[in-house]
Amino acid sequence: MEKLRELVNEIAYARDHTKLSTLQRSLTPVLSFASSLYRVALSFRHCLYRFGLFRKHWLPVPVISVGNLTWGGNGKTPMVEFIARWLSDSGISPLILTRGYAGGDEARMLERHLFGTPTKIGVGANRAAIAACCFERYGYIDPRSSTCDHKLCLDKNVESHLNSEKIGAVILDDGMQRDLEIVMVNGLMLWGNGQLLPLGPLREPLTALRRADAAVIHYADLNLCFVIKQVSEQNLKDIEFMMREVKESLPIFYTRMTPSHFFEVANINSKLPLEALCDAIILCVSAIGSANAFVNAMEKIGASYVDRLDFSDHHVFQATDVEMIRRRLGELEDKFGSQPVIVITEKDYDRDSEILKHLHPCKVLALCSVLQVLSHKGCTENGFRKFLEELLRVKLAGPN
């Protein structure tokens, strides 16, 4: 199954289909047919919503959607964390609703990162039901209510009941009603071949950008593009042009993941500086949506040599994977004469930290990174926060 996923992924992001293998070319007609069925099902679903046969679940508090048009690697989870911190700092207790893919690796990482904040996290496929349970347990307060003087309370100086356990906003990846919709775009891989699943990586047509209130190009590292092969300025202009062809007035922001430190898988409370692996032999092991960005970040810290083992997004490591990793470690040790260090991402750690301990006595480190809003074309992190605040105020105020 892992091999099939890899083949399909290569088809989805292939720029030149003549370079695909014979097996991949034989799979293309099947995937194309499945993609056509998916397009019909998607259109039918939209019609059911349009005619009221499917109903959206309306929540009693503001809803911020952080979505993406393609599968994996778009920076959706870091952006959810960024917004949760922004709301918490503003005196609003947010509820994050997540489906909990692969045993909830993203939810566990968010719980660790947001510990000590008033953020609540609900995990489950039926997010409307999860939200209802959370509202019943913690209570809720609409920041638009009269207790907030008919204004959204996003003032850090406001000393109010919004700092209590009561939920004041919901953050989710898609679905239900949205007061504010942010679309994340993978600046490294973009739309692939431009086809819908499973032939391509698109979950929806690009016309879905018309619903967005803002787009965020992730991995848009302008300063280091010539070193770590991130997005060049010309590529950024091309991406912006493509999106504004769909929605001319679409505000666009730019982010990247900035590595901060490592921790040992055997001791999560440890904290090692990035310089600890300078001149080291590194084996990057990951099952995430954008492994290239992870590997590029490791190359940048000054490692002597960086090798990689990539698995499909949300892959749950098995005993056979551990043996594969051990074999690769042995090959690297024979080649360089020193023991390599395994580096994984935080998502890989939170998916199943126990199986990674089976690699003992090999040293296994997890890379920690934080979302950084890049300063570009007048956009800054502070400007992005103000944009979110003002847009949410306008959305919630409604028509005069």
Ignoring hydrogens and angles, tell me if any N or O in the side chain of R127 forms a donor-acceptor pair with the backbone of R99 under 3.5 Å.
no
Could you tell me whether a side-chain N or O of S35 sits under 3.5 Å from a main-chain N or O of L31, the two making a donor and an acceptor?
no
Search all heavy atoms of M242 against all heavy atoms of L190 and return the closest pair with its distance.
SD-CD2, 4.1 Å
Grab the two heavy atoms, one from S304 and one from D279, that are nearest each other, plus how far apart they are.
CB-O, 3.3 Å
Does any non-hydrogen side-chain atom of M243 lie less than 4.5 Å from one of K247?
no
Count the heavy atoms belonging to other residues, nucleotides or ligands that lie under 6.0 Å from NZ of K357, then report whether that count exceeds 12.
yes
Please confirm whether the backbone N or O of D350 pairs with a side-chain atom of R108, one donor and one acceptor, at under 3.5 Å?
yes
Test side-chain contact (heavy atoms from CB on, under 4.5 Å) applied to V66 and E81, M79, E181, the passing residue
M79
One thing to verify: whether E389 and R393 come together as a salt bridge, which I'm taking to mean a side-chain N less than 4.0 angstrom from a carboxylate O.
yes
Distance from L202 atom CG to N193 atom CG, nearest 0.5 Å?
7.5 Å
CG on L172 to CG on L59, rounded to 0.5 Å:
8.0 Å
Quick check on the hydrophobic clustering: are I281 and F262 connected, directly or via other members, by side-chain heavy-atom contacts under 4.5 Å?
no
Side-chain (S270) to main-chain (E264) donor-acceptor, under 3.5 angstrom:
yes
Least distance between heavy atoms, L87 atom then A169 atom:
CD1-CB, 3.9 Å
Any chance you could measure T117, atom OG1, to E111, atom CD, to the nearest 0.5 Å?
11.0 Å
Which pair of non-hydrogen atoms, one from N74 and one from N186, has the smallest distance, and what is that distance?
OD1-N, 3.2 Å
Could you tell me the separation between the CG atom of D307 and the CG atom of L309, rounded to the nearest 0.5 Å?
6.5 Å
Return the CG to NE2 distance between D105 and H314, rounded to the nearest 0.5 Å.
5.5 Å
Are S93 and K120 linked by a side-chain donor-acceptor pair shorter than 3.5 Å?
yes
Is L95 close to I130 at the side-chain level, that is, under 4.5 Å between some pair of heavy atoms?
no
Is it the case that the side chains of Q372 and T258 hold a donor-acceptor pair, with the cut-off being a distance below 3.5 Å and no angle test?
yes
CD1 on I83 to OG on S88, rounded to 0.5 Å:
11.5 Å
Here the pair of heavy atoms bringing P60 nearest to F135 is CD-CE1, 3.5 Å
Can I355 be reached from F263 by stepping across I, L, V, M, F, W or Y side chains whose heavy atoms are under 4.5 Å apart?
yes
Donor-acceptor pair, side chain of D348 and main chain of E346, under 3.5 angstrom
no
Partner of F384 under ring pair (Phe, Tyr, Trp, His ring centres under 6.0 Å), chosen from Y254, F253, W86:
F253
Short question: side chain of R244, backbone of L250 - any donor-acceptor pair under 3.5 Å?
yes
Under a 3.5 Å cutoff, is there a donor and acceptor pairing between the side chains of T380 and N382?
no
Taking only Lys NZ, Arg NE, NH1 and NH2, and the carboxylate oxygens of Asp or Glu, determine whether R385 and E381 approach each other closer than 4.0 Å.
yes
Please determine whether residues M184 and L69 belong to a single hydrophobic cluster, defined as Ile, Leu, Val, Met, Phe, Trp and Tyr linked transitively by side-chain heavy-atom distances below 4.5 Å.
yes
Is there a side-chain contact between N292 and R308 (heavy atoms, below 4.5 Å)?
yes
Within the distance-only criterion (no hydrogens, no angle test), does the side chain of Y349 pair as donor or acceptor with the backbone N or O of M109 below 3.5 angstrom?
no
So does H315 get a backbone contact from the side chain of S312, meaning a donor-acceptor N/O pair under 3.5 Å?
no
Quick one: does any side-chain atom of S26 pair with a main-chain N or O of L23 as donor and acceptor, under 3.5 Å?
yes
Side chains of I301 and C278 in contact at under 4.5 Å (non-hydrogen atoms):
no
Min side-chain heavy-atom separation I167-Y138 under 4.5 Å
yes
Evaluate the side-chain proximity of C368 to K271: yes if any heavy-atom separation is below 4.5 Å, no if none is.
no
Side chain of D213, backbone of I182: donor and acceptor closer than 3.5 Å?
no
Basic-acidic side-chain contact under 4.0 Å: R328, E331
yes
Just wondering, do M324 and F311 contact through their side chains at under 4.5 Å, heavy atoms?
yes
Hydrophobic clusters here meaning ILVMFWY residues chained together by side-chain heavy-atom distances under 4.5 Å, can you tell me if W191 and V8 are in one?
yes
The single option from V170, L392, D179 passing side-chain contact (heavy atoms from CB on, under 4.5 Å) against I64:
L392
Specify the closest pair of heavy atoms between I325 and V285, including all atoms of both residues, with the distance to one decimal.
CD1-CG1, 3.8 Å
salt_bridge(K76, E106) N-O dist < 4.0 Å:
no
Cluster link M298 to V265, ILVMFWY, side chain under 4.5 Å:
no
P205 versus L42: any side-chain heavy-atom pair under 4.5 Å?
yes
Parallel, tilted or perpendicular: which fits the ring planes of Y305 and F336, with parallel below 30° and perpendicular above 60°?
tilted
